[in-house]
Each structure stands twice: as C-alpha cells, then as structure tokens.
Amino acid sequence: MVTARESRHRMDVPHLILVSAAIVVVAFLYSSVGHAGASGYIAVLTLFGFAAAVIKPTALVLNILVASIGSVQFWRAGHFSWPLFWPFAVLSIPAASLGGYLHLPTSFFKILVGVVLLLSSIRLLFRQGDPPQVQPPSRPVAFSLGAGIGLLSGLTGTGGGIFLTPLLLFRRWAHTKNAAAVSALFILVNSIAGLVGYFSSGRAVPSIAAIFAIAAIVGGFAGSYLGSRKFPVRTIQLLLATVLIIAGLKLIFTS
C-alpha cells in the first residue's frame with residue numbers, strides 16, 4: 001500500500017508513467033460525456049496500491065481540473081443551460097460539503113449504488129438517440145434531487161455526474177449534450193465543495209496529485225473538445241454507458 005508520505009519516494013518512473021497514462025485515458029473518456037473521472041481515478045489509484053489518504057483528495061483535485069475544462073468546452077459549444085443547472089446545484093453544494101466531511105460505513109450503500117449504475121448503463125446501451133422534446137423538472141423536484149446527489153457525491157468521493165446525467169436523460173429533462181454540459185459544471189461545484197469538506201476535517205492534498213494533474217488536463221482537453229463538438233449523440237451515449245459501467249464496478253468492488 002502506497003501511503004501519502006511514501007508515494008513520492010517508492011513509486012518509480014515506469015509506474016508513474018503507467019498511472020499517468022491510465023489517468024489520461026480516464027480523463028479523455030469521462031470528459032467526452034461531460035464528466036470528470038473521479039470514479040475512474042479512484043479505480044486506477046486503488047489498482048496501483050495507493051492509500052485511501054492519497055486516493056480521495058487526488059481524485060477530487062483531478063475532478064476539479066477536468067470538470068473546469070469540460071464546463072468551458074461544452075459552454076463554448078452552446079450546450080449549457082443555466083435554468084436547468086442552478087436548481088440542481090443550489091442545495092447540492094452544501095450537501096456535497098457535508099458528504100465530504102462525514103466518515104460513514106458505506107460498504108453496502110456503495111454496492112447498492114454500483115448496481116443502480118450498472119442497470120443504468122444497460123438502459124443507455126439500448127437507447128436510440130434523443131427524444132424529440134424534453135421538459136425540465138419543477139424547481140422543488142430539482143432542489144431535492146440536487147441535494148441528494150450532492151450528498152452522494154461527497155460520500156462516494158465523486159462529482160455527482162454519474163448520478164445526474166442518467167437522471168436527466170431517463171426522465172427526459174435534457175438532451176444528451178445539454179445533460180453533459182450541465183453535469184460538467186455540477187461536477188465542478190460539487191467537487192470543490194467536497195474538497196472544502198475534506199480540508200475542514202484537517203487533512204491535506206498529497207503532492208503527487210500535481211504530477212497526475214498534468215495527465216488529467218491532457219485527457220480532459222481532448223475528450224471534452226471531441227465530446228462537445230465532434231462526437232454524435234449516439235457515441236456520447238455509448239461512452240456514457242461505458243463510464244457508468246466503470247463507476248458501478250468501482251463502487252461494488254472497492255466498497
């Protein structure tokens with residue numbers, strides 16, 4: 001197990017290159033659908049033996065960087081909707097901060113959420129394009145769901161996009177690229193809130209996160225550019241299904 005203190009000294013250059021390459025792939029895949037990759041980073045760092053004290057803050061930092069890039073890319077491509085975003089975000093921010101602060105025994109909870117994500121991915125695989133019309137939810141519904149997703153994001157160390165995007169699509173509240181754009185900024189604000197909650201409990205971000213940040217930025221720029229401007233809707237949906245499968249398996253097998 002690689003602890004926070006030992007991570008800089010025990011990990012040799014070949015392993016750093018392997019981890020960085022995996023982070024580039026994760027950032028590319030997730031950012032192409034408006035996500036930031038926290039569940040993927042957690043899976044990669046867990047696979048390479050990093051300690052929990054390194055994994056959670058590193059994933060949040062990488063999430064913030066990639067979500068920032070994705071938010072700008074999808075906004076510049078004209079897919080972002082402020083009226084759809086803010087009702088979900090307003091209560092999710094304090095809820096995510098609370099979730100980042102709490103230390104709860106969440107093993108069964110994470111397995112349950114993982115199963116839900118796998119079922120959502122199967123549904124996406126059989127989804128054919130966008131519906132002709134969508135209707136945003138009422139504000140009370142968006143407020144309550146946003147708070148719940150924010151708490152989930154803080155507890156699971158993710159930005160919440162893996163929960164928000166399928167919800168927007170399956171309820172026909174947004175088209176695919178609009179959902180990706182809204183999710184990118186939602187992930188950004190909740191990841192920042194989660195990191196604030198993490199700091200408030202007296203912990204710090206390991207320095208090795210700066211090395212992996214470069215890899216995340218490279219993958220995030222490429223993926224979000226292609227996702228926002230080049231990939232067709234069906235490609236985005238298939239990539240999102242892949243993201244949900246990775247996130248679901250990660251929650252189930254690392255709970």
Side-chain angles (χ1 to χ4, degrees), residues 2-5 7-8 19-20 22-24 26-31 33-48 50-72 89 92-104 106 109-110 113 117 146 149-165 183-220 223-224 243 246-247 250-251 254-255:
V2 183
T3 65
R5 178 175 296 179
S7 60
R8 288 172 297 171
V19 176
S20 297
I23 288 173
V24 169
V26 169
F28 177 89
L29 175 62
Y30 277 66
S31 63
V33 298
H35 291 190
S39 54
Y41 307 137
I42 291 170
V44 168
L45 295 175
T46 300
L47 179 66
F48 279 90
F50 285 87
V54 175
I55 293 172
K56 185 173 182 179
T58 299
L60 283 172
V61 168
L62 301 185
N63 233 37
I64 290 169
L65 291 172
V66 175
S68 299
I69 296 167
S71 297
V72 172
S92 72
I93 298 171
S97 184
L98 174 63
Y101 177 81
L102 294 175
H103 300 276
L104 300 178
T106 57
F109 164 75
K110 286 186 176 181
V113 172
L117 292 179
I149 293 172
L151 184 62
L152 279 176
S153 73
L155 288 172
T156 57
T158 65
I162 54 174
F163 310 117
L164 178 61
T165 308
S183 294
L185 188 58
F186 184 89
I187 290 166
L188 175 59
V189 297
N190 281 286
S191 294
I192 292 173
L195 193 61
V196 169
Y198 181 87
F199 284 144
S200 68
S201 60
R203 294 167 289 181
V205 174
S207 58
I208 200 168
I211 298 175
F212 298 143
I214 299 171
I217 290 170
V218 171
S224 60
V243 165
I246 295 171
K250 175 265 163 187
L251 287 172
T254 63
S255 57

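Any value given below was found using the heavy atoms of this structure, including those in side chains, with hydrogens, waters and symmetry copies removed. No experiment lies behind these values; they were computed from the predicted model shown.
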Rounded to the nearest 0.5 Å, how far does [atom2] of [Y] lie from [atom1] of [X]?
X: Leu188; Y: Ser183; atom1: CG; atom2: OG; answer: 12.5 Å
X: Ser92; Y: Asn190; atom1: OG; atom2: CG; answer: 3.5 Å
X: Ile208; Y: Leu45; atom1: CD1; atom2: CG; answer: 8.5 Å
X: Ile93; Y: Leu98; atom1: CD1; atom2: CG; answer: 14.0 Å
X: Leu60; Y: Ile192; atom1: CG; atom2: CD1; answer: 10.5 Å
X: Leu65; Y: Ser31; atom1: CG; atom2: OG; answer: 12.0 Å

Considering all heavy atoms of both residues, which atom of [X] and which atom of [Y] are nearest to each other, and what is their separation?
X: Ala59; Y: Ile42; answer: CB-CG1, 3.7 Å
X: Leu117; Y: Ala247; answer: CD1-CB, 3.9 Å
X: Ile69; Y: Ser224; answer: CG2-OG, 3.5 Å
X: Ile64; Y: Ser191; answer: CG1-CB, 3.6 Å
X: Ile23; Y: Ala215; answer: CG2-CB, 4.0 Å
X: Ala184; Y: Gly70; answer: CB-C, 4.0 Å

Candidate pair Ile246 and Val26, rule side chain to side chain contact (heavy atoms under 4.5 Å, CB included), full reasoning | CA-CA 10 Å; Ile246 295 171; Val26 169; over 6 Å; no

Parallel, tilted or perpendicular, as decided by the 30° and 60° cut-offs, for the rings of Phe212 and Phe50 | perpendicular

Is there a donor-acceptor pair closer than 3.5 Å between any side-chain N or O of Tyr30 and the backbone N or O of Gly223?
-> no

Under 3.5 Å: donor-acceptor pair, side chain of Thr58, backbone of Ile55 = no

